[in-house]
Each structure stands twice: as C-alpha cells, then as structure tokens.
Amino acid sequence: GKATGSVVDNTCEGNQAGILVETDGTLVTVSGNSCTSNRNNGITLQGKSSFDVHGNTCRQNGGGVLVTGTASGQIHGNTLERNENGLSIQDASAPSVRDNKVLSNGKVGVLVTDSATPHLRRNEIRENGAGVGVQGKAARPTIEDNDIVSNRGAGIQVGAGLEPLISWNRIKNNAGSGIYRDGSPL
C-alpha cells in the first residue's frame, strides 16, 4: 500500500516556509498546526501527494495554503486569514475544499489557476481583496454552496474563456461585481 505520514500539532513561525510537503504518492495528514508570519506559505502541498489538511490556522504568511503539481485530497476545517492569498490551487491539482474560513487576505481568498479542478463547497470567503479568482489556460473549479461576502473586489472573478461551474452560492455585499467574467458575460 501507500506510505503515510503526519504533521500534527506544530507551531511554525517566522520561517521561510511553515510546512512544505513534497511526496510521490504518499498520503499525508496535516492537522492542528499553527503557521504564522512565515515569508512564503504557511502550508505547501506539492508533487503527487494525497493529503488530508484539517484544523490548521495559517495567519499572516506570504500565502496561507498552496497546492501544486497533481496533489489531491481534502482541505477542510481550516482558518486562513490575513495572508497575501488565502488558498492558491495551481497546476493540475484537484483538491476538495470544504468548510474553511478564508478571511481578510490581502489579494484573493481562493485563487485557482493553470488547469486545476478543485471542488469548493461550504466555505466562508469574507473580506478578502477578491473572493475567488479563476485564471489560467484551463482552470475549471466547481464553486458551490459558499458564502462569498464583503470582499473588496469581485465576489468571484473569472478569466476570459474559462468555464467554472458556479452554483448555489450566497454572494453578497462585495465592493465589486458579485460574479465578474473578463472578456464576455457568463
């Protein structure tokens, strides 16, 4: 079977990176950690890792959580606040992102780029620069049943030519458009 590992109940503060997980198919649990004031990301998951990331707090880092490569798994029950971006999902990664609090991040609460295909569900995305940003060549997230509220830009901003599935969200009181698509209307 696959190897497993755990990163549990640590405090990572003032480092280049808080927690960096790079594996080739290993199942990794990242739980109960506090990552604060790290210059890069609080938590980075890259390579082919499969993960369960829950119950972590990432605060005042360069970025909250970064998912790259073909990493997949669960990101749930985390608090990502006052980072540059709360959660960045890149490359061909495809995590399930649910029940997180993504609050007061400087640029974007959740940024989906490249050909990533995450499923965002039941998240509170509040008071960020923009709520959710979708950009790149082929990013295709499913964004459903989220509260996307009081962001300083658009609630959801979609790059031209991209086709995310956006349904059943509560998108309220954002300074910009609720849903904005570059180039042509949705």
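Hydrogens, waters and symmetry mates are skipped; everything else that's a heavy atom, side chains included, is used. Note that the coordinates shown come from a computational prediction; the quantities given were computed from them, not determined experimentally.
A heavy-atom distance below 4.5 Å is found between the side chains of Pro164 and Val158. With a 4.5 Å cut-off on side-chain heavy atoms, Asn41 and Val65 do not count as touching. Using a 4.5 Å cut-off on side-chain heavy atoms (C-beta onward), Lys137 and Asp114 make no contact. Two residues are said to be in side-chain contact when any heavy atoms from C-beta on lie closer than 4.5 Å; Thr44 and Ile19 fail this criterion. Residues Asn169 and Ile143 are in side-chain contact: their nearest non-hydrogen atoms beyond the backbone lie under 4.5 Å apart. For the pair Asn100 and Ile75, the minimum side-chain heavy-atom distance is below 4.5 Å. Residues Asn83 and Asn85 have side chains not in contact (no heavy-atom distance under 4.5 Å, counting atoms from C-beta outward). The closest side-chain heavy-atom distance from Ser34 to Asn56 is not below 4.5 Å.
Between atom CD of residue Glu81 and atom CZ of residue Arg59 there is a gap of 4.0 Å, rounded to the nearest 0.5 Å. Summarising the geometry, atom OH belonging to Tyr180 is positioned 6.5 Å from atom CD belonging to Gln157; distances are rounded to the nearest 0.5 Å. Taken from NE2 in His119 to CG in Leu165, the straight-line distance is 8.0 Å, to the nearest 0.5 Å. In this structure, Thr57 OG1 and Asn78 CG are separated by 7.5 Å, a value rounded to the nearest 0.5 Å. One distance of note links CZ of Arg126 with CG of Asn173; it measures 9.0 Å at 0.5 Å rounding. To the nearest 0.5 Å, atoms OG (Ser88) and CG (Leu66) are separated by 6.0 Å.
Side chains of Asp99 and His54: a donor-acceptor N/O pair is absent below 3.5 angstrom, by distance only. The closest side-chain donor-acceptor pair between Asn38 and Asn15 falls under 3.5 angstrom.
Under a hydrophobic clustering in which Ile, Leu, Val, Met, Phe, Trp and Tyr are joined whenever their side-chain heavy atoms come within less than 4.5 Å, directly or via other members, Val28 and Ile89 fall into the same cluster. Hydrophobic clustering (side-chain heavy atoms under 4.5 Å, transitive across Ile, Leu, Val, Met, Phe, Trp, Tyr) groups Ile171 together with Leu87. A single hydrophobic cluster is seen to contain both Val97 and Val21, as judged by linkage of ILVMFWY side chains at heavy-atom distances under 4.5 Å, directly or through other members. Cluster membership check: Val108 does not share its hydrophobic cluster with Val112, using side-chain heavy-atom separations under 4.5 Å among Ile, Leu, Val, Met, Phe, Trp and Tyr. Linking Ile, Leu, Val, Met, Phe, Trp and Tyr residues whenever their side-chain heavy atoms come within less than 4.5 Å places Phe51 and Leu80 in a single cluster.
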Quiz item: Taking it one step at a time, do Asp145 and Arg170 satisfy salt bridge (charged side-chain N to carboxylate O under 4.0 Å, His left out)?
Solution: CA-CA 7 Å; Asp145 194 22; Arg170 289 154 304 284; 3.0 Å; yes

Practice problem: Please step through side chain to side chain contact (heavy atoms under 4.5 Å, CB included) for the pair Asn105 and Arg82, ending with a clear verdict. | Solution: CA-CA 4 Å; Asn105 294 286; Arg82 296 193 312 268; 5.6 Å; no

Practice problem: Check the pair Ile43 / Cys58 against side chain to side chain contact (heavy atoms under 4.5 Å, CB included), numbers first and verdict last. | Solution: CA-CA 8 Å; Ile43 300 171; Cys58 294; 3.8 Å; yes

Self-check item: Steps toward side chain to side chain contact (heavy atoms under 4.5 Å, CB included) verdict (Leu45, Thr68)
Solution: CA-CA 6 Å; Leu45 306 154; Thr68 68; over 6 Å; no

Practice problem: Evaluate the criterion side chain to side chain contact (heavy atoms under 4.5 Å, CB included) for residue pair Gln46 and Leu20; output intermediate values, then yes/no. | Solution: CA-CA 8 Å; Gln46 60 189 35; Leu20 173 65; 3.8 Å; yes

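Across all their heavy atoms, Ile166 and Ile156 have their closest contact at CG2-CD1, 3.8 Å. In this structure, Asn128 and Asn151 approach most closely via the heavy-atom pair N-OD1, 2.8 Å. Contact detail for Arg152 and Ala175: the closest heavy-atom pair is O-CB, 3.2 Å. Closest approach of Glu124 and Leu103 over heavy atoms only: OE2-CD2, 3.8 Å. For the residue pair Gln135 and Leu162, the shortest heavy atom distance occurs at CA-CD1, 3.5 Å. Taking both residues in full, the closest heavy atoms of Val8 and Ser6 are given as CG2-CB, 3.8 Å, listed atom of the first, atom of the second, then distance.
Salt-bridge check for Asp147 with Arg122: failed, with every basic side-chain N at 4.0 Å or more from each acidic carboxylate O. With respect to the salt-bridge test (charged N to carboxylate O, under 4.0 angstrom), the residues Arg140 and Glu163 qualify.
For Arg39 (side chain) and Gly14 (main-chain N/O), a donor-acceptor pair under 3.5 Å exists by modelled atom type. A distance-only check finds no donor-acceptor pair linking the side chain of Asn40 to the backbone of Gly63 [under 3.5 Å].
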